[in-house]
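Quantities reported herein were computed from a predicted structural model and do not represent experimental measurements. In this chain, residues are counted from 1 in sequence order.
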Amino acid sequence: MSPEGKRLLNIIILGFGFMFMFTAFQTCGNIEQTVIKSFNNTEFHGSGYTSMAIIYGVFSASNLIAPSVVTVIGPQLSMFFSGLLYSGYIAMFIYPYTWSFYTASVLVGIAAAVLWTAQGNVLAINSTDTTIGRNSGIFWALLQFSLFFGNLYIYCAWHGHVHITEKDRKTVFISLTVISLVGCFLFFLIRKPDPEPAASADVQAECIESSSTASPPQPSLMSQALDAFVKAFKMFGTKEMLLLSFSTGYTGLELTFYSGVYGTCIGAMTRFGQDAKSLIGISGICIGIGEILGGGVFGMLNKCSRFGRNPVVLLGLITHYVAFYLIFLNIASDAPIAPEAGTDLKAYITPSVGVALFCSFLLGLGDSCFNTQLLSIIGFTFHDNSAPAFATFKFIQSIMAALAFFYSNYLLLHWQLLILVVVGFLGTITFFWAEWMAESNRRESDYDSI
């Protein structure tokens with residue numbers, strides 16, 4: 001197999017590993033609050049929202065040390081051990097205790113930072129300037145299949161269930177734990193990519209030339225870890241990362257909206273009938289279809305030189321604006337903070353299930369536009385320092401997601417949509433600027449190599 005074929009195979013394995021892991025974890029996140037309500041008693045006093053706040057808070061802080069961990073043990077082992085902690089969080093629901101629930105939340109926050117930093121590193125070292133966009137799209141499409149399979153499984157397993165029994169809970173979470181562990185072990189199939197033929201010849205020549213001389217001492221693991229930590233801090237001050245921080249922050253805000261707030265809004269709409277709660281799973285499937293379609297299509301478009309990243313990001317903004325406008329018209333303003341019984345209020349049009357699910361699809365499609373292009377531009381711009389760069393990316397994203405989870409408990413729907421509209425516009429403009437800088441640097445590099 002050619003070096004390029006091995007790199008592509010690594011990306012596909014990476015995508016399947018994440019697909020299995022997040023089929024389990026995202027499904028767990030979607031149903032945990034419902035499950036907790038079914039067994040909340042004097043022995044357990046946990047909250048899914050509190051757990052999510054802990055995960056994102058620890059996640060954001062741990063991104064500062066994640067590059068050091070990846071540097072010391074390597075991206076492959078980093079992903080494997082992080083995946084084990086994800087599996088442990090899911091398995092905790094088989095026999096839940098309050099102390100183990102919140103302890104697992106802290107550990108998953110740390111694991112998430114290491115996992116996504118290692119993922120960005122693997123994506124970067126298995127890509128070139130011409131394949132980073134394609135590989136980002138392939139990875140993102142495979143990852144988002146998790147939304148489809150997870151929500152479909154829950155919809156079929158629990159459809160029509162008014163109360164989740166202990167047997168129902170154990171069956172689902174044992175299955176999810178096994179699925180997550182499959183994803184962990186898939187990471188061991190990833191192989192170190194071969195160098196390019198020209199680069200390999202240069203390396204051999206250098207080895208022959210220096211064979212008679214002693215090799216310089218290698219830096220210690222501690223110095224490597226410290227160097228990665230310092231690079232992660234310095235990355236914040238670069239002009240490129242400062243520009244990309246606006247669009248990265250926007251992905252954190254809209255991640256919270258489509259993964260937590262919008263499903264809650266649909267389930268709270270009593271005007272959708274008795275099946276309003278079950279529509280949450282269908283909404284998740286529609287989001288997943290949008291994510292998969294966007295990841296696949298935009299990954300292929302990126303191979304054509306006439307298509308840059310900017311048109312895809314602009315399409316993402318327009319897609320989200322259409323979704324936000326339709327949601328504003330279709331969903332009651334108090335839906336995000338409505339009581340368990342739901343809301344009887346009507347928005348500006350007669351609530352439509354079809355419109356609500358179409359908006360779910362648009363939210364997923366627009367999200368894939370932003371995330372695939374952010375993965376691409378970060379992998380391209382910071383190719384030589386991919387681990388600290390992706391750690392910084394996840395730090396910003398998780399901080400904004402945590403902020404959004406906080407204000408979603410208090411703000412009415414139209415205020416949340418206004419925040420998304422403003423930050424999305426700023427993020428798109430600054431992305432255009434960062435893309436222009438990246439292309440200018442590429443042209444200068446090509447000119448210097450002539």
Visitor: Thr248 and Gln397: side-chain donor and acceptor closer than 3.5 Å?
Guide: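 The criterion, which ignores hydrogens and geometry beyond distance, is not satisfied for Gln397 and Thr248.
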Visitor: Check whether more than 12 heavy atoms from other residues, nucleotides or ligands sit under 6.0 Å from atom OH of Tyr325, and answer yes or no.
Guide: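 No, because the 6.0 Å sphere around OH of Tyr325 holds 12 heavy atoms or fewer from other groups.
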Visitor: More than 12 heavy atoms of other residues, nucleotides or ligands under 6.0 Å from OH of Tyr86: yes or no?
Guide: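 More than 12 within 6.0 Å, yes.
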Visitor: Should the pair Tyr89 and Phe93 be assigned to parallel (<30°), tilted (30 to 60°) or perpendicular (>60°) ring geometry?
Guide: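 Ring orientation, 0 to 90° scale: perpendicular.
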Visitor: Return the minimal non-hydrogen interatomic distance between Asn330 and Met269, and the atom names on each side.
Guide: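 Where Asn330 meets Met269 most closely, the heavy atoms are O-CE, 3.8 Å.
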Visitor: Counting N and O atoms only, with roles assigned by atom type, does the side chain of Ser105 sit under 3.5 Å from a partner on the main chain of Phe101, one being a donor and the other an acceptor?
Guide: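 Checking the backbone N and O of Phe101 against the side chain of Ser105, a donor-acceptor pair under 3.5 Å is found.
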Visitor: Does any N or O in the side chain of Thr430 come within less than 3.5 Å of the main-chain N or O of Leu426, such that one atom is a donor and the other an acceptor?
Guide: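 Yes, because the side chain of Thr430 sits within donor-acceptor range (under 3.5 Å) of the backbone of Leu426.
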Visitor: Kindly indicate, with the supporting measurements, whether the criterion side-chain contact (heavy atoms from CB on, under 4.5 Å) is fulfilled by Tyr95 and Lys170.
Guide: CA-CA 8 Å; Tyr95 294 101; Lys170 288 184 176 180; 3.4 Å; yes
Visitor: Are Phe382 and Met241 packed together at the side-chain level, in the sense that at least one heavy-atom pair is separated by less than 4.5 angstrom?
Guide: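 Result yes, sub-4.5 Å side-chain heavy-atom pair found.
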Visitor: Search all heavy atoms of Ser87 against all heavy atoms of Ser180 and return the closest pair with its distance.
Guide: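 So the minimum-distance heavy-atom pair works out to OG-OG, 2.7 Å.
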Visitor: Are Phe139 and Leu14 packed together at the side-chain level, in the sense that at least one heavy-atom pair is separated by less than 4.5 angstrom?
Guide: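 Yes, close enough: below the 4.5 Å cut-off.
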Visitor: Determine whether Phe361 and Leu365 satisfy the following criterion, side-chain contact (heavy atoms from CB on, under 4.5 Å), listing intermediate values before the conclusion.
Guide: CA-CA 6 Å; Phe361 169 78; Leu365 182 63; 4.2 Å; yes
Visitor: Trp433 and Phe246: aromatic ring centres closer than 6.0 Å?
Guide: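 No: the rings miss the under 6.0 Å criterion.
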Visitor: Just by distance, with hydrogens left out, do Arg7 and Thr131 show a side-chain donor and acceptor under 3.5 Å apart?
Guide: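 Result is no, nothing qualifies.
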Visitor: Indicate the atoms forming the closest heavy-atom contact of Thr23 with Leu176, along with that distance.
Guide: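 Residues Thr23 and Leu176, closest heavy atoms: O-CD2, 4.3 Å.
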Visitor: First locate atom CD1 of Ile179, then atom SG of Cys28, and finally report the distance between them rounded to the nearest 0.5 Å.
Guide: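 Those atoms lie 12.0 Å apart.
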Visitor: Run Phe395 and Trp116 through ring-ring contact (aromatic ring centres under 6.0 Å, His included) and show every step you take.
Guide: CA-CA 10 Å; Phe395 174 79; Trp116 284 102; over 10 Å; no
Visitor: Is a donor on one side and an acceptor on the other found under 3.5 Å between the side chain of Glu254 and the backbone of Leu363?
Guide: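 No.
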Visitor: Using a 4.5 Å cut-off on heavy atoms from C-beta on, say whether the side chain of Leu403 contacts that of Met400.
Guide: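 The answer is yes, as the side chains (C-beta and beyond) meet within the 4.5 Å cut-off.
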Visitor: Does any N or O in the side chain of Ser247 come within less than 3.5 Å of the main-chain N or O of Leu244, such that one atom is a donor and the other an acceptor?
Guide: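 Looks like yes, one N/O pair under 3.5 Å.
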Visitor: Less than 3.5 Å apart, any donor N or O on the side chain of Ser60 or Ser398 sitting next to an acceptor on the other?
Guide: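 Not at all, the side chains of Ser60 and Ser398 share no donor-acceptor pair under 3.5 Å.
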Visitor: Using a 3.5 Å distance criterion without hydrogens, assess whether the side chain of Thr256 forms a donor-acceptor pair with backbone atoms of Ala401.
Guide: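 Present.
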Visitor: Decide yes or no on side-chain contact (heavy atoms from CB on, under 4.5 Å) for Ile419 and Trp415, but give the supporting numbers first.
Guide: CA-CA 6 Å; Ile419 292 173; Trp415 292 115; 5.6 Å; no
Visitor: Between Leu85 and Ile110, is there a side-chain heavy-atom distance shorter than 4.5 Å?
Guide: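 SC-SC contact between Ile110 and Leu85 ruled out.
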Visitor: I want to check something: taking the side chain as every heavy atom from C-beta on, are Ile287 and Ser283 in contact at a cut-off of under 4.5 Å?
Guide: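 When only atoms from C-beta onward are counted, Ser283 and Ile287 do touch, with a gap below 4.5 Å.
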Visitor: For Cys265 and Leu413: C-alpha separation, side-chain torsions, deciding distance, then whether side-chain contact (heavy atoms from CB on, under 4.5 Å) applies.
Guide: CA-CA 9 Å; Cys265 291; Leu413 179 62; 4.2 Å; yes
Visitor: Can you find a heavy atom in the side chain of Met19 that is under 4.5 Å from one in the side chain of Leu143?
Guide: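 No, their side chains stay 4.5 Å or more apart.
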Visitor: Where is the tightest heavy-atom contact between Phe425 and Leu317, given as atom of each residue plus distance?
Guide: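 Result for this residue pair: N-CD1, 4.0 Å.
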Visitor: Anything under 30° is parallel, anything over 60° is perpendicular, the rest tilted; go ahead and classify Phe59 against Tyr56.
Guide: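 Phe59 and Tyr56: tilted rings.
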Visitor: When you compare the side chain of Leu420 with that of Tyr250, does any pair of heavy atoms fall below 4.5 Å?
Guide: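 Counting from C-beta outward, Tyr250 and Leu420 do come under 4.5 Å.
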Visitor: Any donor-acceptor pair under 3.5 Å linking the side chain of Ser245 with the backbone of Leu242?
Guide: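 Such a contact is found between Ser245 side chain and Leu242 backbone.
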Visitor: At their closest point, which heavy atom of Pro67 faces which heavy atom of Thr71, and how far apart are they?
Guide: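 Looking at all heavy atoms of both residues, the closest pair is O-OG1, 2.7 Å.
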Visitor: Between His320 (side chain) and Gly424 (backbone), is there a donor-acceptor pair under 3.5 Å?
Guide: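 Not confirmed, His320 side chain does not pair with Gly424 backbone.
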Visitor: Test your reading of the model: is there a side-chain donor-acceptor pair from Glu291 to the backbone of Asp367, 3.5 Å cut-off?
Guide: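 A pair under 3.5 Å: no.
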Visitor: Mind listing the closest non-hydrogen atom pair of Leu8 and Asn135 along with its distance?
Guide: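 So the minimum-distance heavy-atom pair works out to CD1-OD1, 4.0 Å.
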Visitor: Is there side-chain contact between Leu181 and Phe20, with at least one heavy-atom pair below 4.5 Å?
Guide: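 No, side chains not in contact.
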Visitor: Holding to side-chain contact (heavy atoms from CB on, under 4.5 Å), I want the full list of residues that pass it with Phe80, two or more places apart in sequence or in another chain.
Guide: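 Once residues adjacent in sequence are excluded, the partners of Phe80 under the side-chain contact (heavy atoms from CB on, under 4.5 Å) criterion are Leu84, Cys184, Phe185, Phe188.
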Visitor: Judged by atom type as modelled, is there a donor-acceptor pair below 3.5 Å linking the side chain of Tyr262 to the main-chain atoms of Ala356?
Guide: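 Present.
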Visitor: Side chain of Thr319, backbone of Gly366: donor and acceptor closer than 3.5 Å?
Guide: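 No, because the side chain of Thr319 does not come within donor-acceptor range (under 3.5 Å) of the backbone of Gly366.
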Visitor: Give the ring-plane orientation class for Phe25 versus Phe22, where under 30° counts as parallel, over 60° as perpendicular and anything between as tilted.
Guide: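 Rings of Phe25 and Phe22: perpendicular, as their planes differ by over 60°.
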Visitor: Is it true that the side chains of Thr251 and Asn371 contain a donor and an acceptor less than 3.5 Å apart?
Guide: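 Result is no, nothing qualifies.
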